[in-house]
Amino acid sequence: VHFDLATAIKAMQGIGSVALQLPAVKALVDKAVGGLKTDDQEKARDAYHDLIADNADGHARVQDKLAKLAAQARG
Amino acid sequence: MKKTFLIPLASLALCACTALGAASTAVGLATGAADAAGVAAPVTYANHTTIDEKAGISIELAYNAWYRLLELAIDTGFVKPANAARVAALDNKAYAATLVAQHAYLAGNATSFRAAEAEARAAIKEAMGLIGKGT
C-alpha cells in the first residue's frame, strides 16, 4: 500500500477523534445491548431513544462533512 | 495501512447488521405464526412490546456502527471529494430507513420494521462496499 504522510497524519487525527469518543460510545452500545437482552420495556425504550438521538447527531455531522467534501470537488 | 484500522469498525458494523437480522427474525416469527392462523399478528397492531424496541435498537445500532465507520473514513481521507455526494446519498438512504423504523415503532407496525430493516441493511452494505474500495 502506498504510504503517504498526509494520509498518515489524517489517520492519526481520525483515530484520535474516535478514541476521545470511546467511553461515550461504549456506554451507548452497552446500554443498547442491555436493551436487546432485557424484558423491561422501560429500559429497552430508554436505550432505543438514546440511540435515536445519537444517530440524529451523527447523521447531521457526517452529512455536514460530506457536504464540505462535495464542495471541494466542485471547486 | 488505512484498511488496518477500518477493519475493526467494519466488523462492528457487520455485527450490528447480524443483530438486525436476529431481531427482524423474532418479529417475523411473531407475525408469521399469526398469519398462518389467519389472524392479524398481535405484535403488528397491539401496543408496543419489547419486540418493537428491540427491532428498533437493532436497526439503530447498525446505523450507529455505520455512521461511526463513515465518519472515521471521512476524517482519515478515505472518502474522496469526487465521491462525497454519492456517499452522502447512501448515508441518507440508510438514515431514512431508521426513520421509517421509528415511524413503524410509533405506529406499532411490525411489517414496516421488516421493510425498514431490509432498506437499512441494503443501504449500509452498498455504502460499506464503496468504502472498502477506497471511495
Side-chain angles (χ1 to χ4, degrees), chain A residues 1-19 21-22 24-25 28-29 31-75, chain B residues 1-6 8-9 12 15-16 19 22-23 26 47-92 94-96 98-99 101-102 105 134:
Chain A
V1 176
H2 175 68
F3 178 79
D4 168 317
L5 184 59
T7 304
I9 290 170
K10 278 185 188 173
M12 284 187 281
Q13 289 170 340
I15 291 168
S17 68
V18 170
Q21 295 176 31
L22 281 180
V25 174
L28 184 75
V29 171
K31 191 171 179 180
V33 171
L36 284 173
K37 289 179 179 172
T38 187
D39 288 328
D40 182 334
Q41 191 162 14
E42 280 302 315
K43 282 185 181 172
R45 183 179 297 146
D46 192 34
Y48 184 35
H49 289 177
D50 279 3
L51 274 172
I52 288 172
D54 186 80
N55 284 348
D57 290 346
H59 174 66
R61 207 164 56 238
V62 295
Q63 284 291 320
D64 185 52
K65 290 181 180 183
L66 288 168
K68 285 174 183 163
L69 270 182
Q72 284 177 30
R74 290 193 298 271
Chain B
M1 179 191 141
K2 288 192 281 187
K3 283 186 180 174
T4 307
F5 61 79
L6 284 175
L9 272 178
L12 178 64
C15 286
N47 289 334
H48 298 162
T49 69
T50 51
I51 289 177
D52 293 324
E53 279 84 7
K54 288 176 184 178
I57 286 171
S58 296
I59 293 168
E60 298 290 337
L61 259 182
Y63 180 77
N64 198 273
W66 153 248
Y67 99 66
R68 291 185 192 284
L69 172 66
L70 173 59
E71 190 166 23
L72 180 59
I74 295 168
D75 289 348
T76 55
F78 233 85
V79 179
K80 294 175 184 166
N83 294 322
R86 191 172 166 209
V87 174
L90 285 169
D91 176 58
N92 273 330
Y95 186 68
T98 72
L99 296 181
Q102 288 169 32
Y105 169 75

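Just so it is clear: chains get the letters A, B, ... in the order the sequence lines come, proteins before strands, and each one is counted from 1.
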Find the distance between CG (Leu69(A)) and CD1 (Ile74(B)) and round it off to the nearest 0.5 Å.
6.5 Å
4.5 Å side-chain heavy-atom contact, Leu51(A) and Thr98(B)
no
Would you give the length of the straight line joining atom NZ of Lys37(A) to atom CD1 of Ile57(B), rounded to the nearest 0.5 angstrom?
12.0 Å
Determine whether Asp54(A) and Arg68(B) satisfy the following criterion, side chain to side chain contact (heavy atoms under 4.5 Å, CB included), listing intermediate values before the conclusion.
CA-CA 11 Å; Asp54(A) 186 80; Arg68(B) 291 185 192 284; 2.8 Å; yes
After noting the C-alpha distance and the side-chain angles of Tyr48(A) and Lys54(B), does the key distance pass the side chain to side chain contact (heavy atoms under 4.5 Å, CB included) rule?
CA-CA 8 Å; Tyr48(A) 184 35; Lys54(B) 288 176 184 178; over 6 Å; no
Highest number of heavy-atom pairs under 4.5 Å with chain A among Ala82(B), Ala88(B), Ala94(B) belongs to Ala88(B)
Quick check for you: among His49(A), Gln63(A), Lys65(A), which has the greatest number of heavy-atom pairs under 4.5 Å with chain B?
Gln63(A)
Under the side-chain hydrogen bond (donor to acceptor under 3.5 Å, both in side chains) definition, can you give me all pairs with a residue in residues 66-75 of chain A, not counting sequence neighbours?
Asp64(A)-Lys68(A)
For a 4.5 angstrom cut-off between non-hydrogen side-chain atoms, does Leu36(A) reach Leu61(B)?
yes
Shortest non-hydrogen separation from Ala70(A) to Ala85(B) and the atoms involved
CB-N, 4.3 Å
Chain B: which of Asn55(A), Val62(A), Ile52(A) shares the most heavy-atom pairs with it under 4.5 Å?
Asn55(A)
Honestly, the part of Ala67(A) sitting under 4.5 Å from a heavy atom of chain B is neither
Can you list the residues that meet the side-chain hydrogen bond (donor to acceptor under 3.5 Å, both in side chains) rule with Glu42(A), with sequence neighbours excluded?
Arg45(A)
